[in-house]
Protein chains: 2
Amino acid sequence: MASTIRDVAQLAGVSVATVSRVINKMGGVRPETERRIEDAMEELQYIPNVLARSVASKKTKLIGMIVPDIENPFFAAVYSGADKIVREFGYTTLLGGSNDTVDREEGLLQTMMEHQASGILLTAAFSRTKWIDRIGNRVPICLVDRDIEGIECDRVLIDNRRGAYDATKLFIQKGHRKIAIITGPLESTPGRERFEGYKSCLEDYGIKIIPDYIQIGDFRENSGYQLGRHLLQLNDPPTAILSSNNLMTLGLLEIIHTSSFKLGVDLGLIGFDDLPIATLMSPNLTVISRPMNEMGECAANMLIQRIHSPTKPKQTVIMTPHLIVRGSESINF
Amino acid sequence: MASTIRDVAQLAGVSVATVSRVINKMGGVRPETERRIEDAMEELQYIPNVLARSVASKKTKLIGMIVPDIENPFFAAVYSGADKIVREFGYTTLLGGSNDTVDREEGLLQTMMEHQASGILLTAAFSRTKWIDRIGNRVPICLVDRDIEGIECDRVLIDNRRGAYDATKLFIQKGHRKIAIITGPLESTPGRERFEGYKSCLEDYGIKIIPDYIQIGDFRENSGYQLGRHLLQLNDPPTAILSSNNLMTLGLLEIIHTSSFKLGVDLGLIGFDDLPIATLMSPNLTVISRPMNEMGECAANMLIQRIHSPTKPKQTVIMTPHLIVRGSESINF
DNA sequence: TTGTACGCGTTATCAC
DNA sequence: GTGATAACGCGTACAA
């Protein structure tokens with residue numbers, strides 16, 4: 001059914017080699033011949049088979065992207081930025097969601113290698129897998145948002161400590177002393193680094209660190225809800241909470257909404273990542289905003305550069321989050 | 001660098017055919033031989049090249065998905081459901097965002113054909129393109145959420161009229177008579193059908209249709225903001241607004257938030273699609289909820305069935321949205 | 001149970 | 001400028 005390069009060659013009365021030349025715009029073809037070939041392609045509705053091309057050329061224009069959860073707006077935005085760049089360079093995206101499980105991540109990595117992806121953009125599940133090493137030797141990987149130590153590759157990361165530090169500092173400046181944090185697993189870079197930023201800020205300002213105020217969950221909405229409830233039910237509840245990601249913030253807002261606490265009155269809140277709802281509340285939500293699209297764009301650019309020059313020294317780009325102060329950080333003391 | 005089936009065969013001391021047999025679990029291989037081959041594969045870290053396989057077999061396990069905007073949580077959820085099914089069947093997803101432009105959509109369709117995708121899940125930009133026809137003849141398409149008339153293919157759609165009708169009816173039951181709608185382009189099925197549901201409900205209840213209360217935009221957040229502002233600034237503003245999608249609802253909430261109108265006091269609101277913030281507001285947001293994951297799952301299932309039996313009569317599944325009544329629909333009259 | 005040989009659609013290397 | 005033709009990595013008759 002589908003026509004091949006040979007059909008085109010036959011109809012145009014030339015050889016497949018010549019057809020290949022015009023398909024790939026390699027020049028060296030008489031204009032008239034070229035026109036005949038283009039007419040034949042049009043008539044046969046010829047669509048080149050990139051799979052066969054890749055088999056022959058040993059190159060693909062495929063880039064694999066592995067993301068924990070495409071439904072999380074943060075990753076959707078990062079992916080979207082990366083996809084834009086990838087497309088501009090004529091590459092195609094192979095996307096998969098690991099759901100933060102190692103099994104799925106390994107499955108996806110394998111799939112992408114089977115498809116001969118030329119490079120991988122990876123926001124890894126929290127543990128390091130042998131597949132990552134196995135693949136790193138074949139094609140370039142660019143780690144996005146979450147670091148994994150001991151891997152030689154490019155990285156686009158966020159200065160999580162700085163973000164958490166700045167937020168905690170703002171709390172302190174607004175008069176808070178009882179500052180809690182809810183965060184994800186300390187084995188993950190975001191979980192650990194945000195906690196460290198929080199902790200070192202409290203230390204710098206001589207504020208005692210209270211274990212009850214440190215709540216560790218799993219970066220999911222329900223986790224934010226549960227940990228938030230726990231915090232609000234303490235005998236001596238915090239006056240401020242730093243939430244370590246967007247989903248946890250949603251869960252936290254949920255429990256606050258159904259509790260007796262009032263945001264901006266007796267409870268301050270700052271969350272990692274901006275949210276569409278941030279400006280729909282009273283008070284508006286103060287957030288630590290990350291350049292999501294830019295992260296994706298940067299990672300995609302680095303990966304594509306890397307594909308073209310594999311030996312160049314590896315780079316790590318660390319992007320800076322910034323506070324968007326909208327009001328929810330302060331309360332009536 | 002990367003090892004091939006031949007390398008494995010050589011190391012195991014067998015022929016490529018035998019290796020192929022164990023790769024594809026076709027049986028008929030002596031257990032001992034099989035072990036030798038598996039050892040060889042392990043040692044060489046052999047990864048099969050699915051591209052070469054596809055070239056030879058003329059089959060792929062690739063499914064293309066074209067979505068207007070992956071950053072829209074609705075499409076992210078639909079895609080996520082589809083991806084789950086697709087993966088269960090051993091297929092891989094090729095995802096692309098058209099940004100609702102015909103150019104990009106055509107580019108994506110071409111890319112997917114070049115990659116020999118076995119089927120396409122398509123939420124089309126608003127106009128019909130020649131590529132859709134061209135492709136429909138080669139591989140099955142399943143239209144998702146947005147219909148395009150005159151194409152012979154499977155469909156998974158939503159009963160938009162019903163959703164809009166029910167919402168409008170609820171407004172009326174709550175005492176509203178001045179009911180406005182903001183919606184997307186009437187050339188799109190969602191835009192048109194939701195408007196029709198709204199209109200026919202008003203007619204059924206003998207309520208005059210006021211042109212000023214019908215605001216047409218483009219389904220984006222800013223559109224919701226602008227149209228909402230226009231409505232609220234009318235000399236005789238509506239007491240209720242039906243918003244036709246999630247993004248528009250966000251924009252609408254934004255302008256309401258900054259206006260003198262108070263939700264649930266002098267303005268009622270129902271929006272298409274549930275939102276994470278729906279239960280974080282006062283009053284909570286009443287929405288017309290669509291089964292997003294299920295839509296994607298259903299579409300993926302239908303497409304894969306279709307791939308395996310291309311001649312079976314085409315199906316159209318129409319899913320029913322349902323109201324989640326939370327309070328924002330009524331006001332103090 | 002295993003091996004040989006050909007074909008898939010394309011690129012790339014020669015020759016002419 | 002153009003054309004044969006050998007790869008590319010794999011599946012699959014068909015043969016042994």
Side-chain angles (χ1 to χ4, degrees), chain A residues 1-38 40-41 44-62 90 110-111 113-118 138-139, chain B residues 1-38 40-41 44-62 90 110-111 113-118 138-139:
Chain A
M1 199 67 219
S3 45
T4 77
I5 198 173
R6 251 186 292 271
D7 301 326
V8 175
Q10 190 166 8
L11 182 59
V14 296
S15 74
V16 293
T18 308
V19 177
S20 180
R21 285 187 188 98
V22 352
I23 290 173
N24 300 306
K25 307 186 201 303
M26 308 184 6
V29 177
R30 198 183 306 154
E32 190 214 306
T33 316
E34 183 164 344
R35 266 193 44 76
R36 280 216 319 281
I37 292 174
E38 277 165 350
M41 295 202 293
L44 294 175
Q45 302 211 341
Y46 169 72
I47 299 177
N49 183 333
V50 297
L51 274 43
R53 170 181 303 164
S54 293
V55 171
S57 68
K58 296 186 163 189
K59 285 177 189 167
T60 68
K61 291 286 236 172
L62 267 183
Q110 174 161 13
T111 298
M113 290 317 294
E114 289 177 345
H115 285 268
Q116 316 299 116
S118 294
R138 300 182 180 228
V139 299
Chain B
M1 199 66 221
S3 46
T4 78
I5 198 174
R6 249 188 294 270
D7 301 326
V8 175
Q10 190 167 9
L11 182 59
V14 296
S15 74
V16 293
T18 309
V19 178
S20 179
R21 284 187 191 99
V22 351
I23 290 174
N24 301 307
K25 307 186 202 302
M26 307 184 8
V29 177
R30 197 184 308 156
E32 190 214 307
T33 315
E34 182 163 346
R35 265 191 44 75
R36 280 217 318 282
I37 293 174
E38 277 165 349
M41 294 201 293
L44 294 175
Q45 303 210 339
Y46 170 71
I47 298 176
N49 183 333
V50 297
L51 273 45
R53 173 182 300 163
S54 293
V55 171
S57 67
K58 295 187 165 189
K59 284 176 189 167
T60 68
K61 292 285 237 172
L62 268 182
Q110 173 161 12
T111 297
M113 291 318 293
E114 289 176 345
H115 285 266
Q116 316 299 115
S118 295
R138 299 182 181 228
V139 300

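Nothing here was measured: the structure is a model prediction, and the numbers come from that model. No hydrogens, no waters, no symmetry mates; every other heavy atom, side chains included, goes into these values. Each chain gets a letter, A, B and so on, in the order its sequence line appears, and its residues count up from 1.
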Query raised in the report: Rounded to the Å, how far apart are A:Ile5 CD1 and C:dG7 P?
Result: 18 Å

Report task. Check the pair A:Gln116, A:Val55 against side chain to side chain contact (heavy atoms under 4.5 Å, CB included), reporting the backbone distance first and the verdict last. Result -> CA-CA 9 Å; A:Gln116 316 299 116; A:Val55 171; over 6 Å; no

Query raised in the report: Expressed in angstrom and rounded to an integer, what is the separation of B:Arg6 atom CZ from D:dC8 atom P?
Result: 7 Å

Query - Heavy-atom check, side chain of B:Gln10 versus side chain of B:Arg6, under 4.5 Å - result: no

Report summary line: side-chain hydrogen bond (donor to acceptor under 3.5 Å, both in side chains) filter on B:Ser15, not counting sequence neighbours, yields B:Thr18

Requested in this report: Please determine if a side-chain N or O atom of A:Ser15 lies less than 4.0 Å away from the OP1 or OP2 oxygen of D:dA4.
Outcome: no

Report task. Measure distances between side-chain N and O atoms of B:Arg21 and base N and O atoms of D:dG11, and say whether any donor-acceptor pair falls under 3.5 Å. Result -> no

Query raised in the report: Do the side chain of B:Ser20 and the main chain of B:Val16 share a donor and acceptor less than 3.5 angstrom apart?
Result: no

**Report entry** Out of D:dA4, C:dT10, D:dC10, whichever nucleotide has its closest atom nearest the side chain of A:Thr4
**Finding:** C:dT10

Requested in this report: For A:Lys25 and D:dG1, give me the distance from atom NZ to atom P, rounded to whole Å.
Outcome: 18 Å

Report task. Can you tell me the distance, in whole Å, between the CE atom of A:Met26 and the P atom of C:dA12? Result -> 7 Å

Query raised in the report: Which of the following nucleotides, D:dG9, D:dT2, C:dA12, is nearest to the side chain of A:Ala17?
Result: C:dA12

Query raised in the report: For DNA chain D, what residues of residues 28-37 of chain A have any heavy atom nearer than 4.0 Å?
Result: A:Gly28, A:Val29, A:Arg30, A:Thr33

Query - A:Met26 backbone acceptor or donor facing A:Arg21 side chain under 3.5 Å - result: no

Requested in this report: Describe the nucleic acid contact of B:Ser20 in one word from base, sugar-phosphate, nothing, applying a heavy-atom distance below 4.0 Å.
Outcome: base

Query raised in the report: Tell me: CG of B:Asp7 to C1' of D:dC8, nearest whole Å?
Result: 13 Å

Query raised in the report: In Å, rounded to the nearest 0.5 Å, how long is the span from CG of A:Leu11 to CE of A:Met41?
Result: 11.5 Å

Report task. Assess whether side chain to side chain contact (heavy atoms under 4.5 Å, CB included) is satisfied between A:His115 and B:Leu62, documenting all intermediate values. Result -> CA-CA 10 Å; A:His115 285 268; B:Leu62 268 182; 4.1 Å; yes

Report task. Residues of residues 46-62 of chain A with any non-hydrogen atom less than 4.0 angstrom from an atom of DNA chain D: list those, numerically ordered, please. Result -> A:Val55, A:Ala56, A:Lys58

Query raised in the report: Starting at CD of B:Gln10 and ending at C1' of D:dG9, how long is that distance when rounded to a whole Å?
Result: 15 Å

**Report entry** Close side-chain approach of B:Lys61 and B:Val50, heavy atoms under 4.5 Å
**Finding:** no

Query raised in the report: How would you label the contact of B:Gly27 with the nucleic acid (heavy atoms, under 4.0 Å): base, sugar-phosphate, or nothing?
Result: nothing

**Report entry** Straight-line distance of A:Arg138 CZ to B:Ile47 CD1, nearest 0.5 Å
**Finding:** 3.5 Å

Query raised in the report: Could you give the CD1-to-C1' distance, from B:Ile23 to D:dG9, as a whole number of Å?
Result: 10 Å

